[in-house]
Structures are given as C-alpha cells and as structure tokens.
Amino acid sequence: MDAHAKTTMIYLPDTMINWPWPRAINPHFEDVKTEVDASFRDFRALGPESQEAFDKCDFDHLRIGCELMNVYFILDEYTDIENAEVTKEMVDIVLDALHDPHKTRPEGECILGEIVRRFWARAIQTASSSSQRHFLDSYTAYLRAVVVEARDREHSHCRSVDDYLKLRRDTCGAKSAFAIYEMGMEFPDEVFYHPIIAELVECIVELILIDNDMASYNREQSTGDENHNLITAIMLELGLDRSGAMAWAARYHTEVEKRFIDGLEQVPSLGISCTDVLVKYFDGIATWARANHCWSYEGQRYFGTRGTEIQRNRLVPLLPKVTCSNASSAVKVNVADLSNIDAAVHRE
C-alpha cells in the first residue's frame, strides 16, 4: 500500500480465515426476522436514519435471540451519545424492567423500559431457570459497564489496552447474548462458573470484541466515538498507526483463537449430562464468533452496501468526520454517511 493509500484507506486483516467453525444460518431466520422487525418498528424508537440502518441489519428461542439483538442495538443507539448521568438513568429503567417484567411502565418513561420489559416477559416463558439467572447476571454487568463507558466518553478518557479489554469484555454484551444457547438446557452454576469454562467463554468474548472493534473503528472515528475502541487504545499506548494497530489486533486475535482451541482439550469431566451441555454450548458460542465476523460485513452497519466486496479485498476508505447536526429528533445519534464508502470503493 502506497503512502497516499495508507492515509485514505484502512486495511482489515482477515482474522477468521483459520477459524474451524463455518458460517451457518438458522433455516427459520427469515420468517422470524420479519415478525420481530415488524413488532420492533411499532415502538418508533429510532429516527429515520437510524431506523434505515437497523432495517438493513427452535422458533421461540430464535425469536428471543432476534429480539435481544434489537435490544442491544437500540440501547447502543440511545446511550452512545449520552453522558454518564443520563446513561445511568436509562440503565436503571432497563434493570427495573428486567426485574419486574409484568409491571406496567410509567407514562412518559424512556421507551427502553417497555422494549426491554416486553422482550424479557416473552423470554422467561420458555428460557430455563439457569439461563435466566446467568443472563441477568451478565446483562447487569453489561449495563453497568455501559455507564462506565459513558463516563469515559464524557471525560474524553482513553484507557490502556489492558484496562480497555477489561471493560470491553462487558460492554460488548457477548456474555449475556450467549444465554440464548442455554435457554433450552439447565446449566448448573458450578459448571458455568468453573474457571476453565469461564476462561473459554472469555476467549470467545475477546474474539468477538476484537473483530467488532476492527470493523467498527472507521465508523466510530468518523462519528467521534473512537476512544472506546481497541484500535485507538493500541495506537495511543503502543505508538502505532492505524495499519500497525490493526496488525497488532490481528496477531492478538490469533493468540486467543489458539488459547480457546487448546483450552477445549483441558475441559474436565463433569458428568455425562454436563458434557453434552458443554459440547452444544461451546459449539454455539464458537459459531457466534464466526457469525459476528460475517455480520460485520453483511449487515451494512459498518460498510454500507460494499461489505462483501470489502470482505474480499480487505480495504475500506477512511470516512470523514461528522457532527450531530443531522441527528434525528427522536434520538440524537451521529450517523456516518456510509455512501462515502460506496463512492470511494466504486472509484477504485
């Protein structure tokens, strides 16, 4: 890559090229997605631009999974531009809705309360008791971490790589999302929280956050939210440029992949029933790492309509900085103009 390209293009290493779990999709996805999208749109929680971005993006548990992704998306959109005080108010509303999903939400309350209440009221009808418990524990940690992220953003604070990873393991929300895989099974706490099991889960969480931060960096540097991103933390701490930081992150990704695959051989014997549960669970979360990577390119959130092309050539045009002058009245979200990617790639 020449000097000009280095300043106008970002090279994205193919981190998942050797990951053993292939891309797969639930055969019922399209039917369930249509139903979930329709019910979510009724909330009118997003402005036109954010709604447009969203639209591009076992039946019961599949629906719960789809609804949970919507919950993550809308919470992210609402809290990404708020200070810590407002974010905490939103988080408290969400936590109250989770712990009492049958309570009518107060009139005039932030729409997040009703969105989460409906999601959780449906989920607990079919989710196992252990999955409910584990979801609430990990989702609470996620919400608390989102408040810390808001405080960092308010003070323009960028963490060291180690401190960032510690916080990002929660703000990425992966652990609570994994509860989807255990909704149809009982997962004893002594197994779920076993040190080796927990370490393997952490590995998948890190693979997901690395890939997400690499893919989202361009959009986030454009909208001014790049401080909560691994690439920025690497650049600042290690004195690397964007390309160097991407390469560092890719190498770390490879190390974590190996740690996970080697760690599977160290899982202790915890009984036949637990072994069956663990095999399904690990296969599920390992597939999630692949799915996250695929979604980043196929979902249009980060690369517009050129995602699959960028996935092949690994080059993405650097987006210009934007302000919130064009933010919607429903929720003030900085929206990167991804047509800039389309135009730049087309010129190539």
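Values below: all heavy atoms of this structure, side chains included; hydrogens, waters and symmetry mates excluded.
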Any donor-acceptor pair under 3.5 Å linking the side chain of [X] with the backbone of [Y]?
X      : Y      : answer
Thr287 : Asp283 : yes
Arg169 : Lys175 : no
Thr232 : Asn227 : no
Gln221 : Asn218 : yes
Arg117 : Ala97  : no
Ser296 : Ala215 : no

Can you tell me how far the NE2 atom of His228 sits from the OH atom of Tyr164, to the nearest 0.5 Å? 4.5 Å

Once salt bridge (Lys or Arg N to Asp or Glu O under 4.0 Å) is applied, do any residues pair with [X], and if so which ones, sequence neighbours excluded?
X      : value
Lys103 : Asp96
Asp213 : Arg168
Glu237 : none

Please assess His293 against Asp14 for the test side-chain contact (heavy atoms from CB on, under 4.5 Å), listing each intermediate value before the final yes or no. CA-CA 10 Å; His293 184 264; Asp14 190 354; 4.0 Å; yes

Any side-chain heavy atom of [X] within less than 4.5 Å of one from [Y]?
X      : Y      : result
Phe192 : Val201 : no
Ile111 : Tyr78  : yes
His194 : Pro268 : yes
Tyr11  : Val316 : no

Regarding [X] and [Y], does a basic nitrogen lie under 4.0 Å from an acidic carboxylate oxygen?
X      : Y      : answer
Asp276 : Lys280 : no
Arg23  : Glu298 : yes
Glu202 : Arg259 : no
Arg105 : Asp100 : no
Glu255 : Lys258 : no

Step-by-step salt bridge (Lys or Arg N to Asp or Glu O under 4.0 Å) determination, Asp92 to Lys88: CA-CA 6 Å; Asp92 288 343; Lys88 185 177 184 305; 2.9 Å; yes

Of all the heavy-atom pairs spanning [X] and [Y], show the shortest one and how long it is.
X      : Y      : answer
Ile74  : Val71  : CG2-O, 3.3 Å
Ala286 : Ile204 : CA-CD1, 4.1 Å
Ile208 : Ala174 : CD1-CB, 4.1 Å

Determine, stepwise, if the pair Phe303 / Thr308 fulfils side-chain contact (heavy atoms from CB on, under 4.5 Å). CA-CA 9 Å; Phe303 305 116; Thr308 54; over 6 Å; no

Under a 3.5 Å cutoff, is there a donor and acceptor pairing between the side chains of Tyr139 and Asp170? no

Are Asp189 and Arg133 close enough, and set up right, to give a salt bridge (Lys or Arg N to Asp or Glu O under 4.0 Å), and what steps lead you there? CA-CA 9 Å; Asp189 285 356; Arg133 188 169 61 253; 3.0 Å; yes

Of Thr275, Val279, Ile197, the one forming a side-chain contact (heavy atoms from CB on, under 4.5 Å) with Val267 is Ile197

ring-ring contact (aromatic ring centres under 6.0 Å, His included) involving Tyr181 - partner list, sequence neighbours excluded: Trp288

Could you walk me through whether Arg290 and Asp211 pass salt bridge (Lys or Arg N to Asp or Glu O under 4.0 Å), step by step? CA-CA 10 Å; Arg290 170 69 69 182; Asp211 280 331; over 6 Å; no

Could you list all the ring pair (Phe, Tyr, Trp, His ring centres under 6.0 Å) pairs where at least one residue sits in residues 249-268, not counting sequence neighbours? Trp19-Phe260, Trp21-Phe260, Trp248-Tyr252

Taking atom CD of Glu186 as the centre, report whether more than 12 heavy atoms of other residues, nucleotides or ligands fall under 6.0 Å from it. yes

Pairs where residues 144-155 contributes a residue and the test side-chain hydrogen bond (donor to acceptor under 3.5 Å, both in side chains) is met, not counting sequence neighbours: Asp152-Arg159

Under 6.0 Å between ring centres, would you say that holds for Tyr193 and His134? yes

Quick check on the 6.0 Å ring-centre criterion: do Tyr142 and Tyr72 meet it? yes

